[in-house]
**Q** 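One structure coming up, written as structure tokens, with questions to follow.
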Amino acid sequence: MTLFPDFLPEKRCPDKVNARQWTPTSGRDRVRHMENDRTISASRMRLPRGIWALGLVSLLMDVSSEMIHGLLPVYLVTVFGAGYAAVGLIEGIAEATALIVKVFSGTLSDWLGRRKGLAVVGYGLAALTKPVFPLAGSLGWVVAARFIDRVGKGIRGAPRDALVADLAPPELRGAAFGLRQSLDTVGAFLGPLLAIGLMALWAGNFRTVFWVAVIPAALSVLVLVVAVKEPRTARPARTARFPLHRAELARLPGAFWRVVAVALVFTLARISEAFLILRACDAGLAIALSPLVLVVLNLVYALTAYPVGILSDRIGREGLLMLGFAVLALSDLVLALDGGLPVIWAGIALWGLHMGLTQGLLATLVADTAPRDLRGTAFGLFNLAGGVAVLVGNFASGLIWQAHGAEATFGLAALVTALGLMGLVWLSRHRPDRKE
């Protein structure tokens, strides 16, 4: 038994199980076995169109969000005079809000048996908040827009992830989540690149760049409405109790709660990307080039997430996940060094590699371990735990940075990550022998 089983017994792909359990003895069996292998291999090239469409939706929204997010930390500090602790608190509240809201939207999608409608509401709300950033005349307006934007992200996140799980065949689940994550991340480095170009074109005019970010957000909602079809499998076959009912939650297996526990520890240790931007600026990066931090991070992230997802379908998730968290600890150590911009860029690239190794895998593990009719709830609870950790971790990071500097902040994050990794290795070696 693995710490995080790739599939619950009832979800195993019959073809894959059969391929593992029998050895062809006759010529006819061998031919059938080879045809079966070719069918599985060919199916890897045919992810459902809905997965690609959801990836495009994520790409467009991330172009919009990261055009703003790539400039926002510097905008808050230089234009509105916000301190590092304030930036940490704002980012913590914003990201925690998104993750906490997911528990309710995911649960509601299970109860209603519909995912797409909630995803449209979430993406639509985020698109509507984008004009507030260029119109804001005070810090309060910026904070409110950031908060509401993250509410939209929270509403759409769990139903969208559950929709990916509903659309993807079990043997392609890692690839499906990896593809969506990769396309999402392509948007996350195209957005900052576009922001850099527009800042140079318009002589550092933040508000004009923010206005351009409205366009891809609107296109994202349009693609979701037109191109994504909800599968019938998302609809419940029976009238279910509300998924947050105690009896329903008891159906979530121990393997799922282990995924939540692992994500909680490492999310607590993972510092907001806003601090990566501020770290690079402290090391000498020009303010106009600050979005370049997200370009480098997300380029590495995008290039690794999809291949890692495919690899996890073949060799399992657990070892890759451990590798990802080891890379996070190394990244924190590099960022804690005072070695100038070249060292900081190396730490940022390692940060992107850790994201590619972990984020899609964690989402895949939630889908692997949760019953189909509770997937939305499972993603919501997973993100609820992450939301609490993000809020605590980011506020603490801002306070430590303000009191002791960047080196102490990243050094402590490396220590917490290393301790969490040691706990994960120990748990893997001392897992219970009984089946869930």
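A quick note: this is a predicted structure, and the numbers were derived from the prediction, not measured.
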**Q** Evaluate the criterion side chain to side chain contact (heavy atoms under 4.5 Å, CB included) for residue pair Lys116 and Arg160; output intermediate values, then yes/no.
**A** CA-CA 7 Å; Lys116 180 180 173 179; Arg160 180 205 59 212; over 6 Å; no
**Q** Using modelled atom types only, decide if a donor and an acceptor are shared between the side chain of Asn298 and the backbone of Tyr301 within a distance under 3.5 Å.
**A**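 The answer is no, because no donor-acceptor pair under 3.5 Å joins these two groups.
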**Q** Taking all heavy atoms of Ala176 and all of Ile51, pick out the closest pair and write down the distance.
**A**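 Smallest heavy-atom distance, with atoms named: O-CG2, 3.9 Å.
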**Q** CG/Leu54 to OG/Ser220 distance, rounded to the nearest 0.5 angstrom?
**A** 10.0 Å
**Q** Between Val120 and Val228, is there a side-chain heavy-atom distance shorter than 4.5 Å?
**A**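 No; the side chains remain at least 4.5 Å from each other.
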**Q** Backbone N or O of Ile344 within a donor-acceptor pair of the Arg279 side chain at under 3.5 Å?
**A**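 Side chain of Arg279 to backbone of Ile344, a donor-acceptor pair under 3.5 Å: no, none is there.
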**Q** How long is the gap from CG on Leu294 to CD1 on Ile277, to the nearest 0.5 Å?
**A**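 Separation between the atoms: 4.0 Å.
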**Q** Between Thr129 (side chain only) and Ile148 (backbone N and O only), is there a donor and an acceptor less than 3.5 Å apart?
**A** no
**Q** Give the intermediate values and the outcome of side chain to side chain contact (heavy atoms under 4.5 Å, CB included) for residues Leu198 and Thr208.
**A** CA-CA 8 Å; Leu198 294 177; Thr208 305; over 6 Å; no
**Q** Is the side chain of Thr304 donor-acceptor paired with the backbone N or O of Val300 at a distance under 3.5 Å, no angle test?
**A** yes
**Q** Counting neighbours of CH2 on Trp141 that are heavy atoms of other residues, nucleotides or ligands and sit closer than 6.0 Å, is the number greater than 12?
**A**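 Counting neighbours around CH2 of Trp141, 12 or fewer heavy atoms of other residues, nucleotides or ligands fall under 6.0 Å, so no.
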**Q** Might you work through the side chain to side chain contact (heavy atoms under 4.5 Å, CB included) test for Trp257 and Leu381, ending with a clear yes or no?
**A** CA-CA 9 Å; Trp257 294 110; Leu381 291 170; 3.9 Å; yes
**Q** For residues Met322 and Leu421, determine if any side-chain heavy atom of one lies less than 4.5 Å from a side-chain heavy atom of the other.
**A** yes
**Q** Indicate yes or no: at least one non-hydrogen side-chain atom of Thr358 is less than 4.5 angstrom from one of Leu328.
**A** no
**Q** Indicate the atoms forming the closest heavy-atom contact of Val260 with Phe382, along with that distance.
**A**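 Reported closest heavy-atom pair: CG2-CA, 4.1 Å.
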**Q** Return each pair, listed once, that meets salt bridge (charged side-chain N to carboxylate O under 4.0 Å, His left out) where at least one residue sits in residues 119-134; pairs must be two or more places apart or across chains.
**A**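 Non-adjacent pairs meeting salt bridge (charged side-chain N to carboxylate O under 4.0 Å, His left out): Lys130-Asp149.
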**Q** Should Asn205 and Met199 count as side-chain neighbours, where that means a heavy-atom distance under 4.5 Å?
**A** no
**Q** So with a 6.0 Å cut-off around CZ of Arg207, is the heavy-atom count from everything else above 12?
**A**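 More than 12 within 6.0 Å, yes.
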**Q** Within this structure, what is the CG-CZ distance for the pair Leu56 and Arg180, rounded to the nearest 0.5 Å?
**A** 12.0 Å
**Q** Do you know which two heavy atoms are closest between Thr369 and Ala255, and how far apart they sit?
**A**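 Closest approach of Thr369 to Ala255: CG2-CB, 3.7 Å.
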**Q** Working to the nearest 0.5 angstrom, can you tell me the gap between Leu412 CG and Ser397 OG?
**A**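 One finds 7.5 Å between CG of Leu412 and OG of Ser397.
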**Q** Do Thr409 and Phe275 have side-chain heavy atoms sitting under 4.5 Å apart?
**A**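 A side-chain contact under 4.5 Å is absent here.
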**Q** Between Trp202 and Val212, is any pair of side-chain heavy atoms under 4.5 Å apart?
**A**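 The answer is yes; the side chains approach within 4.5 Å.
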**Q** Enter the distance from Asp161:CG to Leu362:CG here, rounded to the nearest 0.5 Å.
**A**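 Those atoms lie 11.5 Å apart.
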**Q** Which atom names give the shortest non-hydrogen contact between Asp184 and Ser58, and what distance separates them?
**A**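 In terms of heavy atoms, the two residues are closest at OD2-CB, 3.4 Å.
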**Q** Looking at every non-hydrogen atom in both residues, tell me the closest pair between Phe256 and Val366 and how far apart they are.
**A** CE1-CG1, 4.0 Å
**Q** Any side-chain heavy atom of Val121 within less than 4.5 Å of one from Arg156?
**A** no
**Q** Could you tell me if the side chain of Leu357 sits less than 4.5 Å from the side chain of Leu321, heavy atoms only?
**A**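 Leu321 does not reach Leu357 side chain to side chain.
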**Q** Can you name the nearest heavy-atom pair linking Ala280 to Val293, along with the distance?
**A**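 For Ala280 versus Val293, the nearest heavy atoms are CB-CG2, 3.6 Å.
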**Q** Who pairs with Asp332 by salt bridge (charged side-chain N to carboxylate O under 4.0 Å, His left out), at least two apart in sequence or on another chain?
**A**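 Asp332: no salt bridge (charged side-chain N to carboxylate O under 4.0 Å, His left out) contacts found.
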**Q** Rounded to the nearest 0.5 Å, how far does CG of Leu167 lie from CG of Leu172?
**A** 12.0 Å
**Q** Please set out all donor-acceptor pairs under 3.5 angstrom arising from side-chain atoms of residues 59-66, sequence neighbours excluded.
**A**
unit_1: Ser64; atom_1: OG; unit_2: Ala213; atom_2: O; d: 2.5
unit_1: Ser65; atom_1: OG; unit_2: Met61; atom_2: O; d: 3.1
unit_1: Glu66; atom_1: OE1; unit_2: His69; atom_2: ND1; d: 3.3

**Q** Working note: Ile68 + Tyr75, criterion side chain to side chain contact (heavy atoms under 4.5 Å, CB included); need CA distance, chi angles, decisive distance, verdict.
**A** CA-CA 10 Å; Ile68 295 173; Tyr75 187 56; over 6 Å; no
**Q** Please work out which of the three classes, parallel, tilted or perpendicular, describes the rings of Phe133 and Phe210, given edges at 30° and 60°.
**A** perpendicular
**Q** Going by the angle between their ring planes, with limits at 30° and 60°, are Phe410 and Trp351 parallel, tilted or perpendicular?
**A** perpendicular
